[in-house]
Amino acid sequence: MSIQIYNTLTRKKEPFIPLEEGKVKMYVCGPTVYNYIHIGNARPVIVFDTVRRYLQYSGYDVNYVSNFTDVDDKIINTANELGEEVGELTERFINAYFEDVGALGCGKADAHPRVTEHIDDIVAFIKVLVEKGYAYEAQGDVYYRTRKFDGYGKLSHQSIDELRVGARIEESGIKENSLDFALWKAAKEGEIAWESPWGKGRPGWHIECSVMAREHLGDTIDIHAGGQDLTFPHHENEIAQSEAMTGKQFARYWMHNGYINIDNEKMSKSLGNFILVHDIRKQIDPKVLRFFMLSVHYRHPVNFSQDLVESAANGLDRIQTAYNNLKHRLGTSADLGDQQDIWTHKVDEAVRLFETAMDDDFNTANAIAAVFELVKTANVYLLEKNTQTAVLDYFISAFDRLMEVLGLPFNGEELLDEEIEGLIEERLTARKERNFSRADEIRDLLKEKGIILEDTAQGTRWKRG
RNA sequence: GGCGGCAUAGCCAAGCGGUAAGGCACGGGUCUGCAACACCCUUACCACCGGUUCGAUUCCGGUUGCCGCCUCCA
């Protein structure tokens, strides 16, 4: 069974067949860096990081590229307000981005190109579009001639005529057609600008992705992804630009994630109802945030609230606890004997369930359910009087692999302070002497230090609470 | 006006033709010196109205409600 991907272009799930066997070229639209990212911005980063991980798990060699928009109106305005250089501002927020996203368990892309590093490529690209008649200069700006591109609207399934009826499209005196969009913007006095055949200016928003995707991945890429709100006009425009340029298909699979809602309303910078990752990760374990987001299918909206995140935290905890308990048992399990197939088969079944879920358009909600199957099975196994090291290892290895795909590796072992260890010993003695008040006293003391003790038939185990 | 999404237990959330996965919370029980962890048990007229079908939560039509894109936006 191969991986199925829901393709916005065809509005269907399609078997995933990359252009080149075993290799995937993937481009994910990155942020405009003039502020910390909010949790809505974080969703695609988490979702597509997970897609990448699963593709890798499935044996693909993934070339993953994600850009930074480091020059545009909002950046210029913010820099002006703060009295900061554009370059300083963007550098600052690019670093913040890596910190936030890293905390959320997202790996770096193979390349993180920036617009300002590709101005020459962009100018060259636009020049070709002008030569081919797909673009025209007007008062120092350059616009894309939307009407000229036959497939315009094929991604968002809109016809140009219908789009024009949309009440909010403003007529521009300069443009030939109201749907035409800027490839190059003439600079205003004092603005950051680059030389071009059309005078000083800077790139429009959409052109950068077309150019950077091509520079880093080639004319045709396998997967192009981003938030749902980029479908139109951003991705539609990218297709128009790139396909006019190369005459080839730009991207084979288009993936779009749903929004994060607050009180059932889209979270967005313009609405002002956003929560910054930078802030929230001081209160909520970023791993919990990631787990929470992956507990819903990526194309569906997810509502954000404190309560929901808390219950997600409890769920994640259950997984972590089962894993810890498995490891704890390693200390008292038997080393001999064959693996007990009845248990390893159950592990295999859960893994298969996980893979089936992920194969189905990266259904992380079901994949997580499969992990809970594993939790359940592990807990039942742990009820056995005698456990076998081989079986325990089999469980642990499965947990490691699956959680790695989800980008939620387990917390490593932390060594206890000698003092705490001594207390646990002392408590053990007290319990043997049936001095329960002293035993409870020690347990409470440790609890205050964030150490939770659990007595089992195989000895006392502890965890950080 | 155009295009699209969603409506499943107290909450979250899968399923999408054969009368409902999983998680969280609640209640009852078992285990425990007491706990904790864990295990067992219990909990759904799938928004409404029609239609297709031997059979629909799943397909088709309609209704209602909510949301999104068409403007910068993940």
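Chain naming here is simple, since letters A, B, ... match the order of the sequence lines and numbering starts at 1 in each.
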Going by atom types alone, do A/Y323 and A/D400 pair a side-chain donor with an acceptor below 3.5 Å?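 A pair is found: one side chain offers a donor N or O, the other an acceptor, under 3.5 Å apart.
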Pairing donors with acceptors under 3.5 angstrom, does anything connect the side chains of A/Y57 and A/E355?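 Side-chain D/A pair, A/Y57 to A/E355: present.
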Determine the contact category for [X]: base if any of its heavy atoms lies under 4.0 Å from a base atom, sugar-phosphate if only primed atoms, P, OP1 or OP2 are that close, otherwise nothing.
{"X": "A/F292", "answer": "nothing"}
{"X": "A/T231", "answer": "nothing"}
{"X": "A/N366", "answer": "base"}
{"X": "A/N264", "answer": "sugar-phosphate"}
{"X": "A/H297", "answer": "sugar-phosphate"}
{"X": "A/N325", "answer": "sugar-phosphate"}
{"X": "A/N314", "answer": "sugar-phosphate"}
{"X": "A/I37", "answer": "nothing"}
{"X": "A/E310", "answer": "nothing"}
{"X": "A/S156", "answer": "sugar-phosphate"}
{"X": "A/G315", "answer": "sugar-phosphate"}

Scan every strand shown for a Watson-Crick or G-U wobble partner of [N], both distances under 3.5 Å, and answer none if you come up empty.
{"N": "B/C66", "value": "B/G5"}
{"N": "B/A38", "value": "B/U30"}
{"N": "B/A21", "value": "none"}
{"N": "B/G55", "value": "none"}
{"N": "B/G61", "value": "B/C49"}

Taking the side chain of [X] as its heavy atoms from C-beta onward, which of [options] lies nearest to it?
{"X": "A/D229", "options": "B/A14, B/C37, B/A74", "value": "B/A74"}
{"X": "A/K269", "options": "B/C37, B/A74, B/A38", "value": "B/A74"}
{"X": "A/R318", "options": "B/C24, B/C69, B/G33", "value": "B/C24"}
{"X": "A/H38", "options": "B/A35, B/A74, B/C40", "value": "B/A74"}
{"X": "A/R11", "options": "B/C39, B/C3, B/G22", "value": "B/C3"}
{"X": "A/Q158", "options": "B/A25, B/G2, B/A13", "value": "B/G2"}
{"X": "A/R427", "options": "B/C72, B/G33, B/A38", "value": "B/G33"}
{"X": "A/R443", "options": "B/G33, B/C6, B/C72", "value": "B/G33"}
{"X": "A/E454", "options": "B/A36, B/A14, B/G68", "value": "B/A36"}
{"X": "A/N363", "options": "B/A14, B/C34, B/C69", "value": "B/A14"}

Between A/D360 and A/N363 (side chain of the first, backbone of the second, donor and acceptor by atom type, cut-off under 3.5 Å), is there such a pair?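 No.
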Between [M] and [N] - [atom1] atom distance, rounded Å:
{"N": "B/C12", "M": "B/A7", "atom1": "C1'", "value": "15 Å"}
{"N": "B/U8", "M": "B/C45", "atom1": "P", "value": "13 Å"}
{"N": "B/A13", "M": "B/A20", "atom1": "C1'", "value": "13 Å"}
{"N": "B/U63", "M": "B/A21", "atom1": "C1'", "value": "31 Å"}
{"N": "B/U19", "M": "B/U53", "atom1": "C1'", "value": "15 Å"}

When you look at A/E454 and A/R443, which way does the salt bridge (charged side-chain N to carboxylate O under 4.0 Å, His left out) test go after all the steps? CA-CA 9 Å; A/E454 295 170 358; A/R443 187 168 58 194; over 6 Å; no
Hey, does the side chain of A/K447 come within less than 4.0 Å of B/A35's phosphate (OP1/OP2), counting only N and O?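 For B/A35, neither OP1 nor OP2 has a side-chain N or O of A/K447 closer than 4.0 Å.
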Can you find a side chain N or O atom of A/H328 that sits less than 4.0 Å from OP1 or OP2 on B/C37?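 It does not, given that no N or O in the side chain of A/H328 lies less than 4.0 Å from OP1 or OP2 of B/C37.
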Ring centroids only, cut at 6.0 angstrom: are A/F93 and A/Y34 within range, meaning strictly under it?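 No, they do not, as the ring centres are separated by 6.0 Å or more.
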Are A/H206 and A/F181 near enough that their ring centres are under 6.0 Å apart?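 Here the rings of A/F181 and A/H206 have centres that are less than 6.0 Å from each other.
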Nearest-Å distance for atom pair [atom1]/[atom2], residues [X] and [N]:
{"X": "A/I262", "N": "B/A74", "atom1": "CD1", "atom2": "P", "result": "16 Å"}
{"X": "A/M267", "N": "B/C72", "atom1": "CE", "atom2": "C1'", "result": "17 Å"}
{"X": "A/R299", "N": "B/C67", "atom1": "CZ", "atom2": "P", "result": "22 Å"}
{"X": "A/H206", "N": "B/A74", "atom1": "NE2", "atom2": "P", "result": "13 Å"}
{"X": "A/N379", "N": "B/U30", "atom1": "CG", "atom2": "C1'", "result": "15 Å"}

So, do A/F372 and B/G22 meet the stacking rule of ring centres under 5.5 Å and planes under 30°?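 No.
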Does the structure place the NZ or CZ of A/K266 under 6.0 Å from the centre of the six-membered ring of A/Y259, at an angle of no more than 45° from the ring's axis?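 Geometry flag: set, cation within 6.0 Å and 45°.
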Looking at A/Y6, I'd like to know if the NZ or CZ of A/K12 sits under 6.0 Å from its six-membered ring centre while staying within 45 degrees of the ring's axis.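 Not satisfied by the 6.0 Å and 45° rule.
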With RNA chain B as reference, determine whether A/I260 or A/Y298 sits nearer its 5' end, using the nearest nucleotide of each.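 Mapping each residue to its closest nucleotide by heavy atoms, the 5'-most match is A/Y298.
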Reading RNA chain B from 5' onward, which residue's closest nucleotide shows up sooner: A/I452 or A/E265?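 Result of the comparison: A/I452.
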